[in-house]
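Note that these values count all heavy atoms, side chains included, but never hydrogens, waters or copies made by symmetry. All residue numbers in this chain count up from 1 along the given sequence.
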Amino acid sequence: MENNRLLSNWYTGYLAFLFLVFLVVPKLTALAIILFIPLAIVSYKKHYFQFKFNRLALLFIIAYGFYLFYCLYTRHVDTASKYLEYKLSFLLVPLLFSFVPKERIQVQLPIIGFIIGTFMLFINGIVHAMTCYASSSTFFTCFTSSQFSPIHHPSYATVFYTVALFLVWFAYKSHYKWMKLWLALILSGIYLLAIVFCFSLAGLLFFFIAIGVTLSVLIYKKWGRAVTFILGVITTASIVVLFQSVSVLKNEFNGAKMYFDEYIDNPKAFVQNKKYPMSGSEVRLVMWTAAYQAFTNYPFGVGTGNVDEVLTAQLTKMNQKELAKQLYNPHNQYLQTGLEIGIFGLLALLAPFVFALRYFKRSNNWLLLLVVGSLLFNMLFESMLQRQSGIVFYTIATCFLVLYSENIKHTNNAHLEKTEVA
C-alpha cells in the first residue's frame with residue numbers, strides 16, 4: 001500500500017512537472033515526455049500500472065498514419081519531416097497514457113502544475129511587455145498580442161489562461177486546502193487580465209461562450225429555465241455593449257464585421273481587389289477563399305508539406321501575388337487538414353477529439369468539454385494543430401482527461417465490488 005501511494009505521488013508529480021515544462025519551456029517538452037519511460041517501467045513492474053491500449057490511442061495513431069502516408073506524395077521533404085516531427089505527440093502521448101494507474105488518480109498536483117505554469121507565463125509576458133514599453137513603444141503595442149505572449153501564440157495562450165481560470169474554481173469548489181477564496185479571486189483577476197492582453201478575438205469569443213454556458217448551467221440548476229433565459233438575454237446584451245463601448249474591442253469587432261459584409265456582397269471582387277498589406281480579418285477571408293478553392297480541386301489532399309506550394313499557386317491565380325509570398329497558412333485547421341491529407345484525413349484528425357466527448361457524457365467531465373470545445377471552435381480561425389503549442393497541449397489534455405474519467409469509473413466499480421463482497 002505504501003509503495004502504491006509513493007508511486008501515485010510520483011505519477012501525479014510527473015504530470016504537474018510535464019504541464020509546467022510545456023507552458024514555460026515548451027522546447028523541453030519532448031525531453032519531459034521521455035522522462036516518463038523509467039517511471040512507467042518501474043510502476044508497471046510494481047503492478048501500480050496496467051497497460052491498457054484504448055480506442056482513443058488508436059484513433060490518434062490512425063490520424064498520424066494519414067500524415068505519414070501522404071508523405072509519399074510530398075514535394076517538400078523538409079517540410080513534411082517537420083510536420084511529422086511536430087505530430088509525434090499523436091504517437092507518444094497516447095502510448096504514455098496507455099499506462100493506466102490501478103489506484104484513483106489524485107489531480108491536485110497536476111492542477112497546481114498547470115496553475116503555476118500559467119502564472120509564470122503571465123509574469124514572463126508582463127516582463128517582456130514592460131521591456132518593450134521601456135523602449136518608447138506604445139502601451140497597446142507592448143501589452144497586447146505577441147508582445148505580451150512571446151512564448152506561445154496569443155490564440156493558444158488564451159486557451160491556457162481560460163483552462164487555468166476554470167481549474168482555479170474547480171479547486172476551490174473541491175475544497176482543496178491550498179485554494180482559498182482570496183487566492184481564487186486574485187488568480188481569476190490575473191487570468192482575466194492575461195486573456196485581455198492576449199487580444200485574440202477568437203479566444204475572447206470562446207471565453208465568453210464558455211463563461212456563458214457555465215453560468216447558464218449553474219443558473220438553470222438553481223432557478224430554472226425562465227430565469228436562465230432572462231439572464232441569458234441580459235448577458236448577451238452586456239457582451240454586445242462591452243464590444244461596442246471599449247474602443248479597442250469595438251474597432252476589432254466592427255472591422256471584422258465590415259470586411260465580412262464586404263466579402264459576402266462580392267467575394268470575387270473582395271479577393272482580387274485587396275492589396276497587401278491587409279488587416280488580420282482581410283487576410284483570413286482571402287486565405288479561407290484560396291484554401292477552400294484549392295480543397296475543392298483536391299478533395300483527397302495534396303500531400304503532407306505541399307499546402308504552402310498549392311496555396312501560393314492559388315493566391316497567384318487570384319491576383320494576390322504579394323500575399324502569396326508571405327506563405328501564410330489557411331488560418332483554419334479544417335481547411336488546412338482537408339487540403340493537406342484530404343477529407344478522410346480530416347475525419348481521422350477529428351475522430352479522437354469527437355470520440356473523447358463520449359467521456360464527457362459518461363463522467364460529466366466539464367473540463368473535457370471545455371478543452372475539446374476550445375479546439376473545435378478555434379480551429380475555425382486558426383490552424384491550431386500546426387504548431388507544437390496546440391498539438392502537444394490538446395493531445396496531452398485530451399488523453400489525460402479521458403484517462404481520468406476512465407480511472408474514476410474503474411475505481412468506483414472496484415469499490416462497489418468490494419462493498420458487495422463485504
Side-chain angles (χ1 to χ4, degrees), residues 59-60 62-68 70 79-80 82-90 93 152-160 162-163 198 200-207 209-210 256 280-281 283-296 298-311 314-315 326-357 369-399:
L59 290 173
F60 270 117
I62 289 173
Y64 186 83
F66 268 89
Y67 283 97
L68 187 62
Y70 271 83
T79 304
K82 181 181 70 174
Y83 285 168
L84 286 180
E85 180 186 345
Y86 283 178
K87 290 180 171 62
L88 270 176
S89 294
F90 288 170
V93 173
H152 298 279
H153 186 281
S155 295
Y156 302 98
T158 303
V159 172
F160 303 156
T162 300
V163 170
C198 283
S200 166
L201 190 57
L204 281 169
L205 285 173
F206 178 77
F207 171 75
I209 290 171
S281 298
V283 168
R284 277 180 170 79
L285 288 169
V286 175
M287 294 304 301
W288 289 347
T289 304
Y292 176 74
Q293 291 184 0
F295 173 65
T296 57
Y298 303 98
F300 298 107
V302 298
T304 304
N306 293 334
V307 169
D308 288 345
E309 175 191 325
V310 172
L311 283 181
Q314 185 65 42
L315 287 167
Q326 308 306 313
L327 298 179
Y328 288 135
N329 65 45
H331 287 78
N332 180 299
Q333 188 67 57
Y334 299 102
L335 291 172
Q336 173 90 39
T337 304
L339 179 57
E340 188 166 32
I341 57 175
I343 184 65
F344 295 113
L346 173 60
L347 294 176
L349 182 70
L350 293 175
F353 299 105
V354 175
F355 176 80
L357 291 178
L369 178 63
L370 175 71
V371 168
V372 176
S374 72
L375 173 65
L376 299 179
F377 179 83
N378 281 290
M379 279 172 60
L380 292 167
F381 307 99
E382 294 286 350
S383 296
M384 296 294 286
L385 297 175
Q386 295 305 114
R387 297 180 184 230
Q388 286 282 50
S389 294
I391 298 168
V392 172
F393 171 73
Y394 282 111
T395 310
I396 290 177
T398 302
C399 288

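- With a 4.5 Å cut-off on side-chain heavy atoms, Q386 and K87 count as touching.
- Residues that satisfy the salt bridge (charged side-chain N to carboxylate O under 4.0 Å, His left out) test with E309, not counting sequence neighbours, are R75.
- The distance from atom CG of L346 to atom OH of Y334, rounded to the nearest 0.5 Å, is 8.0 Å.
- Applying the side chain to side chain contact (heavy atoms under 4.5 Å, CB included) test between V372 and each of L369, L375, L376, L370 identifies L376 as the sole match.
- L335 CG to Q293 CD: the interatomic distance, rounded to the nearest 0.5 Å, is 11.0 Å.
- Taken to the nearest 0.5 Å, the OG1 atom of T296 stands 6.0 Å off from the OH atom of Y292.
- Side chain of Y298 to backbone of G338: no donor-acceptor contact under 3.5 angstrom is found.
- Contacts of S389 classified as side chain to side chain donor-acceptor pair (under 3.5 Å), with partners at least two apart in sequence or in another chain: H152.
- Q314 places no side-chain N or O within donor-acceptor distance of the main-chain N or O of A290, the cut-off being under 3.5 Å.
- Taken to the nearest 0.5 Å, the CG atom of L59 stands 12.0 Å off from the CG atom of L347.
- The closest side-chain heavy-atom distance from L350 to T337 is not below 4.5 Å.
- Remark: F381 pairs with F377 by the ring pair (Phe, Tyr, Trp, His ring centres under 6.0 Å) rule, at least two apart or across chains.
- Using modelled atom types, one side-chain atom of N332 and one backbone atom of L380 make a donor-acceptor pair closer than 3.5 Å.
- Summarising the geometry of L339 relative to V310, their closest heavy-atom pair is CD1-CG1, 4.4 Å, with the distance given to 0.1 Å.
- Between A348 and A63, the shortest heavy-atom contact is O-CB, 3.6 Å.
- In this structure, S89 and I391 approach most closely via the heavy-atom pair CB-CG2, 3.8 Å.
- Using a 4.5 Å cut-off on side-chain heavy atoms (C-beta onward), F60 and C399 make contact.
- A tilted orientation is assigned to the rings of Y83 and Y86, their planes being inclined by 30° to 60°.
- Without hydrogens or angle criteria, T304 side chain to Y67 main chain gives a donor-acceptor distance under 3.5 Å.
- Inter-residue side-chain proximity for F393 and Y156 is flagged as unmet; no heavy-atom pair is nearer than 4.5 Å.
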Before giving the answer on side chain to side chain contact (heavy atoms under 4.5 Å, CB included), spell out for L84 and L68 the whole-Å C-alpha distance, their side-chain angles and the decisive distance to 0.1 Å. CA-CA 7 Å; L84 286 180; L68 187 62; 3.9 Å; yes
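- Residues N378 and Q333 fail the side-chain proximity criterion, which asks for heavy atoms closer than 4.5 Å.
- In this model, a donor atom of one side chain and an acceptor atom of the other lie less than 3.5 Å apart for Y394 and S374.
- When all heavy atoms are compared, the tightest approach of L385 to G390 is CD2-O, 3.8 Å.
- Among all heavy-atom pairs drawn from S383 and Q336, the shortest one is OG-OE1, 3.3 Å.
- Distance CG/N329 to CG/D308: 8.0 Å, rounded to 0.5 Å.
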Going through the distances and angles, do V286 and L315 end up as a side chain to side chain contact (heavy atoms under 4.5 Å, CB included)? CA-CA 8 Å; V286 175; L315 287 167; 3.8 Å; yes
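- Here the straight-line distance linking atom CE of M379 with atom CG of L349 works out to 5.5 Å at 0.5 Å rounding.
- One N or O on the side chain of E340 and one on the backbone of G305 form a donor-acceptor pair closer than 3.5 Å.
- With a 4.5 Å cut-off on side-chain heavy atoms, Y70 and F66 count as touching.
- Within a 6.0 Å sphere centred on CD of E85, other residues, nucleotides and ligands contribute 12 heavy atoms or fewer.
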